[in-house]
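Below you'll find the structure, written out as C-alpha coordinates, and then a few comments.
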Amino acid sequence: MIEILRPVKEINNLLSEKRRIVITTHNNPDGDAIGSSLAMYHYLKIKGHQVDVVIPNMFPEFLAWIPGSKETLVYERQSALVKKALTEAEVVFCLDYNAINRLGSVADIITRSQGKRVLIDHHIDPDTESFDYCISTVDISSTSELIYNFIDSSGDRDLINKEIAEALYAGIVTDTGSFSFSCNRKETYEVTADLVSRGVDVQKLHQLIYDTFSENRLRLLGYAIHKRMIVWEEFHTALIYLTREDLRGFNFQVGDTEGIVNYPLSMEKINQSILLTEKDKMIRMSFRSKGKFSVNDLVRSHFNGGGHMNAAGGKSFNTIEKTIEEVKKILPLYKNELDYILSYDS
Ligand code: 5GP
Ligand code: MN
(Lines give C-alpha, C1' and ligand atoms only; values in the text may rest on other atoms or scores of the structure.)
(Ligands and ions follow the chains in the order given, each with its own letter.)
Protein backbone atom coordinates (compact mmCIF):
# COMPACT_ATOMS: atom_id res chain seq x y z
CA MET A 1 0.00 0.00 0.00
CA ILE A 2 3.02 2.30 0.44
CA GLU A 3 3.00 3.22 -3.23
CA ILE A 4 -0.60 4.33 -2.82
CA LEU A 5 -0.06 6.64 0.14
CA ARG A 6 2.53 8.88 -1.48
CA PRO A 7 0.30 10.06 -4.32
CA VAL A 8 -2.55 10.56 -1.83
CA LYS A 9 -0.42 13.21 -0.09
CA GLU A 10 0.50 14.81 -3.41
CA ILE A 11 -3.10 14.78 -4.55
CA ASN A 12 -4.14 16.32 -1.24
CA ASN A 13 -1.69 19.15 -1.93
CA LEU A 14 -3.32 19.62 -5.31
CA LEU A 15 -6.68 19.85 -3.56
CA SER A 16 -5.55 22.22 -0.81
CA GLU A 17 -7.26 25.11 -2.63
CA LYS A 18 -10.85 25.09 -3.91
CA ARG A 19 -10.64 23.68 -7.43
CA ARG A 20 -12.73 23.21 -10.52
CA ILE A 21 -12.80 19.45 -10.79
CA VAL A 22 -14.16 17.04 -13.37
CA ILE A 23 -14.53 13.35 -12.58
CA THR A 24 -14.47 11.06 -15.60
CA THR A 25 -15.13 7.37 -15.99
CA HIS A 26 -15.19 4.79 -18.77
CA ASN A 27 -17.52 4.26 -21.71
CA ASN A 28 -20.52 2.02 -20.92
CA PRO A 29 -20.16 2.83 -17.22
CA ASP A 30 -20.87 -0.01 -14.80
CA GLY A 31 -21.69 -0.05 -11.08
CA ASP A 32 -18.11 0.56 -10.00
CA ALA A 33 -17.58 3.36 -12.53
CA ILE A 34 -20.72 5.21 -11.41
CA GLY A 35 -20.39 4.29 -7.71
CA SER A 36 -16.76 5.44 -7.42
CA SER A 37 -17.41 8.62 -9.44
CA LEU A 38 -20.47 9.67 -7.46
CA ALA A 39 -18.83 8.89 -4.12
CA MET A 40 -15.89 11.09 -5.13
CA TYR A 41 -18.33 13.74 -6.36
CA HIS A 42 -20.10 14.00 -3.00
CA TYR A 43 -16.81 13.92 -1.08
CA LEU A 44 -15.16 16.66 -3.13
CA LYS A 45 -18.27 18.82 -2.92
CA ILE A 46 -18.27 18.49 0.86
CA LYS A 47 -14.64 19.65 0.70
CA GLY A 48 -15.82 22.81 -1.07
CA HIS A 49 -14.73 22.13 -4.65
CA GLN A 50 -16.78 22.78 -7.77
CA VAL A 51 -17.33 19.34 -9.24
CA ASP A 52 -18.86 17.76 -12.34
CA VAL A 53 -19.08 14.08 -13.22
CA VAL A 54 -18.69 13.36 -16.94
CA ILE A 55 -19.65 10.04 -18.50
CA PRO A 56 -19.27 9.23 -22.21
CA ASN A 57 -22.65 7.49 -22.52
CA MET A 58 -25.62 6.69 -20.33
CA PHE A 59 -25.41 4.27 -17.40
CA PRO A 60 -27.94 1.43 -17.07
CA GLU A 61 -31.22 2.23 -15.31
CA PHE A 62 -30.49 -0.11 -12.38
CA LEU A 63 -27.88 2.40 -11.21
CA ALA A 64 -30.18 5.42 -11.36
CA TRP A 65 -30.97 5.24 -7.62
CA ILE A 66 -27.38 6.10 -6.68
CA PRO A 67 -27.51 9.57 -5.10
CA GLY A 68 -26.25 12.19 -7.57
CA SER A 69 -26.73 10.08 -10.72
CA LYS A 70 -29.11 12.65 -12.22
CA GLU A 71 -26.42 15.33 -12.00
CA THR A 72 -23.92 13.52 -14.23
CA LEU A 73 -23.12 15.11 -17.60
CA VAL A 74 -23.57 12.57 -20.38
CA TYR A 75 -21.39 13.42 -23.39
CA GLU A 76 -23.78 11.81 -25.87
CA ARG A 77 -26.52 14.20 -24.74
CA GLN A 78 -24.70 17.24 -23.35
CA SER A 79 -21.51 17.56 -25.40
CA ALA A 80 -21.27 21.37 -25.05
CA LEU A 81 -21.48 21.24 -21.24
CA VAL A 82 -18.92 18.43 -21.15
CA LYS A 83 -16.50 20.41 -23.34
CA LYS A 84 -16.95 23.50 -21.17
CA ALA A 85 -16.40 21.59 -17.93
CA LEU A 86 -13.26 19.88 -19.24
CA THR A 87 -11.87 23.11 -20.67
CA GLU A 88 -12.25 24.86 -17.33
CA ALA A 89 -11.13 21.92 -15.16
CA GLU A 90 -7.99 22.35 -13.05
CA VAL A 91 -8.08 18.74 -11.92
CA VAL A 92 -9.51 15.77 -13.81
CA PHE A 93 -10.06 12.55 -11.89
CA CYS A 94 -9.91 9.42 -14.05
CA LEU A 95 -11.72 6.65 -12.24
CA ASP A 96 -12.03 2.94 -13.03
CA TYR A 97 -10.15 2.97 -16.34
CA ASN A 98 -6.50 2.52 -17.22
CA ALA A 99 -6.11 4.25 -20.60
CA ILE A 100 -7.62 7.34 -22.21
CA ASN A 101 -9.08 5.34 -25.11
CA ARG A 102 -11.52 3.74 -22.62
CA LEU A 103 -13.31 7.11 -22.61
CA GLY A 104 -14.79 6.52 -26.06
CA SER A 105 -16.13 9.77 -27.43
CA VAL A 106 -14.67 11.86 -24.57
CA ALA A 107 -11.05 10.74 -25.22
CA ASP A 108 -10.22 13.60 -27.62
CA ILE A 109 -11.61 16.28 -25.34
CA ILE A 110 -9.80 15.11 -22.24
CA THR A 111 -6.50 15.13 -24.11
CA ARG A 112 -7.03 18.82 -24.86
CA SER A 113 -7.92 19.68 -21.26
CA GLN A 114 -5.19 21.50 -19.27
CA GLY A 115 -6.34 19.95 -15.97
CA LYS A 116 -4.00 17.73 -13.96
CA ARG A 117 -5.03 14.12 -14.49
CA VAL A 118 -5.37 11.88 -11.45
CA LEU A 119 -5.84 8.17 -12.10
CA ILE A 120 -7.49 5.98 -9.47
CA ASP A 121 -8.00 2.52 -10.88
CA HIS A 122 -7.61 -1.24 -10.44
CA HIS A 123 -7.10 -2.52 -13.99
CA ILE A 124 -3.98 -4.30 -15.23
CA ASP A 125 -1.28 -2.29 -17.05
CA PRO A 126 -2.30 1.34 -16.60
CA ASP A 127 -1.00 3.71 -19.24
CA THR A 128 0.80 5.78 -16.56
CA GLU A 129 2.27 8.21 -19.11
CA SER A 130 -1.18 9.64 -19.71
CA PHE A 131 -1.71 10.71 -16.10
CA ASP A 132 -0.02 13.19 -13.75
CA TYR A 133 -0.79 11.19 -10.59
CA CYS A 134 -1.55 7.49 -10.38
CA ILE A 135 -3.14 5.40 -7.68
CA SER A 136 -3.25 2.04 -9.38
CA THR A 137 -3.34 -1.48 -8.07
CA VAL A 138 -4.79 -4.74 -9.33
CA ASP A 139 -5.06 -6.21 -5.86
CA ILE A 140 -8.17 -4.37 -4.79
CA SER A 141 -11.62 -5.52 -5.84
CA SER A 142 -13.01 -2.22 -7.02
CA THR A 143 -12.19 1.40 -7.68
CA SER A 144 -14.85 2.19 -5.09
CA GLU A 145 -12.76 0.51 -2.40
CA LEU A 146 -9.79 2.59 -3.60
CA ILE A 147 -11.90 5.74 -3.22
CA TYR A 148 -12.79 4.69 0.32
CA ASN A 149 -9.04 4.28 1.00
CA PHE A 150 -8.31 7.64 -0.61
CA ILE A 151 -10.84 9.42 1.61
CA ASP A 152 -9.61 7.49 4.65
CA SER A 153 -5.91 8.23 3.91
CA SER A 154 -6.84 11.90 3.50
CA GLY A 155 -8.01 11.84 7.13
CA ASP A 156 -11.64 12.28 6.12
CA ARG A 157 -13.27 8.96 6.97
CA ASP A 158 -15.84 10.77 9.05
CA LEU A 159 -17.01 12.72 6.02
CA ILE A 160 -18.35 9.46 4.56
CA ASN A 161 -22.06 10.04 4.87
CA LYS A 162 -24.93 7.82 3.75
CA GLU A 163 -24.82 9.07 0.14
CA ILE A 164 -21.10 8.37 -0.22
CA ALA A 165 -21.45 5.02 1.57
CA GLU A 166 -24.28 3.91 -0.75
CA ALA A 167 -22.36 4.88 -3.89
CA LEU A 168 -19.25 3.04 -2.67
CA TYR A 169 -21.28 -0.01 -1.71
CA ALA A 170 -22.83 -0.12 -5.20
CA GLY A 171 -19.33 -0.22 -6.71
CA ILE A 172 -18.00 -2.87 -4.35
CA VAL A 173 -21.00 -5.19 -4.60
CA THR A 174 -21.19 -5.05 -8.41
CA ASP A 175 -17.44 -5.39 -9.05
CA THR A 176 -17.20 -8.43 -6.77
CA GLY A 177 -20.36 -10.05 -8.20
CA SER A 178 -21.99 -9.76 -4.76
CA PHE A 179 -18.80 -10.87 -3.03
CA SER A 180 -18.29 -13.92 -5.21
CA PHE A 181 -14.98 -13.00 -6.92
CA SER A 182 -11.98 -10.71 -6.25
CA CYS A 183 -13.11 -10.72 -2.64
CA ASN A 184 -10.54 -12.64 -0.62
CA ARG A 185 -9.11 -9.63 1.20
CA LYS A 186 -10.49 -9.06 4.65
CA GLU A 187 -10.22 -5.30 4.10
CA THR A 188 -13.05 -5.43 1.58
CA TYR A 189 -15.35 -6.65 4.37
CA GLU A 190 -13.98 -4.14 6.87
CA VAL A 191 -14.71 -1.33 4.42
CA THR A 192 -18.15 -2.81 3.73
CA ALA A 193 -18.87 -3.11 7.45
CA ASP A 194 -17.96 0.54 7.90
CA LEU A 195 -20.28 1.49 5.02
CA VAL A 196 -23.10 -0.43 6.68
CA SER A 197 -22.45 1.46 9.91
CA ARG A 198 -22.81 4.67 7.89
CA GLY A 199 -26.28 3.86 6.68
CA VAL A 200 -26.08 1.29 3.85
CA ASP A 201 -29.13 -0.97 3.87
CA VAL A 202 -27.70 -4.09 2.21
CA GLN A 203 -31.00 -5.79 1.46
CA LYS A 204 -32.58 -2.66 0.01
CA LEU A 205 -29.60 -1.86 -2.21
CA HIS A 206 -29.35 -5.47 -3.39
CA GLN A 207 -32.95 -5.27 -4.55
CA LEU A 208 -32.43 -1.89 -6.21
CA ILE A 209 -29.45 -3.24 -8.16
CA TYR A 210 -30.46 -6.81 -8.93
CA ASP A 211 -34.25 -7.09 -8.77
CA THR A 212 -35.13 -4.50 -11.38
CA PHE A 213 -35.37 -6.59 -14.55
CA SER A 214 -38.05 -5.75 -17.07
CA GLU A 215 -39.98 -8.74 -18.39
CA ASN A 216 -38.11 -8.31 -21.69
CA ARG A 217 -34.72 -8.42 -19.96
CA LEU A 218 -35.50 -11.65 -18.14
CA ARG A 219 -36.88 -13.24 -21.33
CA LEU A 220 -33.77 -12.11 -23.25
CA LEU A 221 -31.63 -13.91 -20.66
CA GLY A 222 -33.67 -17.09 -21.09
CA TYR A 223 -33.48 -16.82 -24.87
CA ALA A 224 -29.74 -16.18 -24.83
CA ILE A 225 -29.10 -19.34 -22.83
CA HIS A 226 -31.68 -21.49 -24.60
CA LYS A 227 -31.14 -20.44 -28.20
CA ARG A 228 -27.84 -18.62 -28.52
CA MET A 229 -25.34 -20.57 -26.46
CA ILE A 230 -22.60 -22.68 -28.02
CA VAL A 231 -20.67 -25.04 -25.75
CA TRP A 232 -17.20 -26.25 -26.74
CA GLU A 233 -16.66 -28.91 -24.10
CA GLU A 234 -13.19 -29.75 -25.36
CA PHE A 235 -12.05 -26.20 -24.62
CA HIS A 236 -14.12 -25.77 -21.46
CA THR A 237 -15.67 -22.73 -23.10
CA ALA A 238 -19.18 -21.52 -23.79
CA LEU A 239 -20.15 -18.61 -26.02
CA ILE A 240 -23.43 -16.70 -26.23
CA TYR A 241 -24.11 -14.42 -29.17
CA LEU A 242 -26.87 -11.87 -29.56
CA THR A 243 -27.59 -10.25 -32.90
CA ARG A 244 -29.05 -6.79 -33.36
CA GLU A 245 -32.33 -8.45 -34.34
CA ASP A 246 -32.35 -10.53 -31.17
CA LEU A 247 -31.87 -7.37 -29.13
CA ARG A 248 -34.54 -5.48 -31.04
CA GLY A 249 -36.96 -8.38 -30.52
CA PHE A 250 -36.64 -7.95 -26.76
CA ASN A 251 -36.78 -4.13 -26.93
CA PHE A 252 -33.17 -3.88 -25.71
CA GLN A 253 -32.40 -1.16 -23.17
CA VAL A 254 -28.93 -0.19 -21.94
CA GLY A 255 -27.85 -2.70 -19.29
CA ASP A 256 -30.12 -5.54 -20.44
CA THR A 257 -27.19 -7.78 -21.40
CA GLU A 258 -25.34 -7.04 -18.14
CA GLY A 259 -24.56 -10.27 -16.30
CA ILE A 260 -25.56 -12.67 -19.10
CA VAL A 261 -21.90 -13.59 -19.61
CA ASN A 262 -21.66 -14.96 -16.07
CA TYR A 263 -24.26 -17.70 -16.48
CA PRO A 264 -22.29 -20.20 -18.59
CA LEU A 265 -19.63 -20.31 -15.85
CA SER A 266 -22.22 -21.90 -13.58
CA MET A 267 -21.79 -25.07 -15.66
CA GLU A 268 -19.41 -27.60 -14.23
CA LYS A 269 -16.18 -27.83 -16.28
CA ILE A 270 -16.81 -24.57 -18.11
CA ASN A 271 -13.85 -22.33 -17.36
CA GLN A 272 -14.39 -19.57 -19.90
CA SER A 273 -17.52 -17.75 -21.01
CA ILE A 274 -17.80 -15.31 -23.90
CA LEU A 275 -20.67 -13.01 -24.83
CA LEU A 276 -20.85 -11.41 -28.28
CA THR A 277 -23.25 -8.53 -28.68
CA GLU A 278 -23.81 -7.00 -32.09
CA LYS A 279 -23.59 -3.19 -31.99
CA ASP A 280 -23.97 -0.72 -34.87
CA LYS A 281 -20.35 -0.73 -35.99
CA MET A 282 -18.74 -3.65 -34.17
CA ILE A 283 -19.21 -6.72 -32.06
CA ARG A 284 -18.76 -6.08 -28.36
CA MET A 285 -17.01 -9.00 -26.67
CA SER A 286 -17.22 -9.81 -23.01
CA PHE A 287 -15.10 -12.53 -21.39
CA ARG A 288 -15.23 -14.23 -18.00
CA SER A 289 -13.22 -17.10 -16.61
CA LYS A 290 -12.96 -19.02 -13.41
CA GLY A 291 -9.74 -20.27 -11.88
CA LYS A 292 -6.37 -19.51 -13.33
CA PHE A 293 -7.20 -18.87 -16.97
CA SER A 294 -6.49 -15.24 -17.90
CA VAL A 295 -9.06 -13.79 -20.26
CA ASN A 296 -7.15 -10.51 -20.00
CA ASP A 297 -4.20 -12.14 -21.84
CA LEU A 298 -6.44 -13.72 -24.48
CA VAL A 299 -8.34 -10.50 -25.19
CA ARG A 300 -5.20 -8.39 -25.29
CA SER A 301 -3.60 -10.76 -27.79
CA HIS A 302 -6.59 -11.21 -30.09
CA PHE A 303 -9.51 -8.84 -29.54
CA ASN A 304 -8.42 -5.23 -28.95
CA GLY A 305 -9.16 -4.99 -25.28
CA GLY A 306 -8.24 -6.07 -21.79
CA GLY A 307 -9.48 -5.87 -18.20
CA HIS A 308 -8.73 -8.27 -15.39
CA MET A 309 -7.59 -11.87 -15.19
CA ASN A 310 -11.14 -13.25 -14.82
CA ALA A 311 -13.15 -10.49 -16.54
CA ALA A 312 -12.20 -8.66 -19.70
CA GLY A 313 -13.76 -6.95 -22.68
CA GLY A 314 -12.82 -6.41 -26.29
CA LYS A 315 -14.22 -5.83 -29.75
CA SER A 316 -14.31 -7.31 -33.20
CA PHE A 317 -14.97 -5.51 -36.47
CA ASN A 318 -16.02 -8.70 -38.25
CA THR A 319 -19.52 -10.09 -38.58
CA ILE A 320 -20.87 -12.13 -35.71
CA GLU A 321 -20.40 -15.38 -37.69
CA LYS A 322 -16.79 -14.53 -38.53
CA THR A 323 -16.10 -13.53 -34.94
CA ILE A 324 -17.38 -16.90 -33.74
CA GLU A 325 -15.08 -18.54 -36.31
CA GLU A 326 -12.16 -16.47 -35.04
CA VAL A 327 -12.84 -17.55 -31.47
CA LYS A 328 -13.04 -21.17 -32.61
CA LYS A 329 -9.70 -20.84 -34.34
CA ILE A 330 -8.02 -19.33 -31.31
CA LEU A 331 -9.28 -21.77 -28.67
CA PRO A 332 -6.86 -24.61 -29.59
CA LEU A 333 -3.97 -22.23 -28.76
CA TYR A 334 -5.26 -22.19 -25.19
CA LYS A 335 -6.34 -25.83 -24.93
CA ASN A 336 -3.82 -26.73 -22.23
CA GLU A 337 -4.40 -23.59 -20.20
CA LEU A 338 -8.17 -24.12 -20.31
CA ASP A 339 -7.94 -27.77 -19.37
CA TYR A 340 -8.33 -27.87 -15.61
CA ILE A 341 -11.01 -28.94 -13.24
CA LEU A 342 -11.80 -26.77 -10.31
CA SER A 343 -11.98 -28.72 -7.11
CA TYR A 344 -11.57 -28.16 -3.41
CA ASP A 345 -7.89 -29.07 -3.73
CA SER A 346 -7.04 -27.09 -6.85
P1 5GP B 1 -17.31 -6.16 -19.38
O2 5GP B 1 -17.21 -7.48 -20.01
O3 5GP B 1 -18.13 -6.17 -18.12
O4 5GP B 1 -17.69 -5.08 -20.32
O5 5GP B 1 -15.84 -5.79 -18.94
C6 5GP B 1 -15.10 -6.61 -18.09
C7 5GP B 1 -13.87 -5.90 -17.61
O8 5GP B 1 -13.00 -5.61 -18.69
C9 5GP B 1 -14.17 -4.55 -16.96
O10 5GP B 1 -13.32 -4.42 -15.86
C11 5GP B 1 -13.82 -3.53 -18.00
O12 5GP B 1 -13.37 -2.36 -17.44
C13 5GP B 1 -12.75 -4.22 -18.82
N14 5GP B 1 -12.93 -3.88 -20.24
C15 5GP B 1 -14.06 -3.98 -20.95
N16 5GP B 1 -13.88 -3.59 -22.23
C17 5GP B 1 -12.58 -3.23 -22.32
C18 5GP B 1 -11.78 -2.73 -23.40
O19 5GP B 1 -12.22 -2.52 -24.54
N20 5GP B 1 -10.47 -2.46 -23.09
C21 5GP B 1 -9.94 -2.66 -21.85
N22 5GP B 1 -8.65 -2.39 -21.66
N23 5GP B 1 -10.68 -3.14 -20.83
C24 5GP B 1 -11.98 -3.43 -21.05
MN1 MN C 1 -14.05 -1.49 -11.53
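Numbering of ligands and ligand atoms starts at 1, following listing order. Note: hydrogens, waters and symmetry copies are ignored here, and every other heavy atom, side chains too, is used.
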Could you name the option among [options] that has the heavy atom nearest to [atom]?
{"atom": "atom 13 (C) of ligand 1", "options": "Gly306, Pro126, Ala99", "answer": "Gly306"}
{"atom": "atom 1 (P) of ligand 1", "options": "Gly313, Ser142, Pro29, Ser286", "answer": "Ser286"}
{"atom": "atom 16 (N) of ligand 1", "options": "Arg284, His26, Lys315", "answer": "Arg284"}

Legend entry - Aromatic ring pairing Phe150/Tyr43, orientation class (parallel under 30°, perpendicular over 60°, tilted between):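 Rings of Phe150 and Tyr43: perpendicular, over 60°.
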
Inset, instruction - Flag Asp32 as yes if one of its N/O/S atoms falls below 2.8 Å of the Mn ion (ligand 2), otherwise no. - result: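 Yes.
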
Inset, instruction - Could you tell me whether Lys335 atom NZ has more than 12 heavy atoms of other residues or ligands within 6.0 Å of it? - result: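 Yes, because the 6.0 Å sphere around NZ of Lys335 holds more than 12 heavy atoms from other groups.
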
Inset, instruction - Quick one: the NE2 of His122, the Mn ion (ligand 2), OD1 of Asp96 angle, rounded to 10°, please. - result: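 Rounding to the nearest 10 degrees gives 90°.
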
Legend entry - His123 to ligand 1, any heavy atom closer than 4.0 Å: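 His123 counts as a contact of ligand 1 under the 4.0 Å cut-off.
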
Inset, instruction - Check if Arg288 has a non-hydrogen atom at a distance under 4.0 Å from any atom of ligand 1. - result: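 Right, Arg288 reaches ligand 1.
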
Legend entry - Flag, side chain of His26 to backbone of Tyr97, donor-acceptor distance under 3.5 Å: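 The answer is no, because no donor-acceptor pair under 3.5 Å joins these two groups.
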
Legend entry - Cation-pi, Phe317 ring and Lys281 (6.0 angstrom, 45 degrees):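 Not satisfied by the 6.0 Å and 45° rule.
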
Inset, instruction - Among the N/O/S atoms of Asp175, select the one at the shortest distance from the Mn ion (ligand 2) and name it. - result: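 Per the distance ranking, Asp175 contributes OD2 as its closest N/O/S atom to the Mn ion (ligand 2).
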
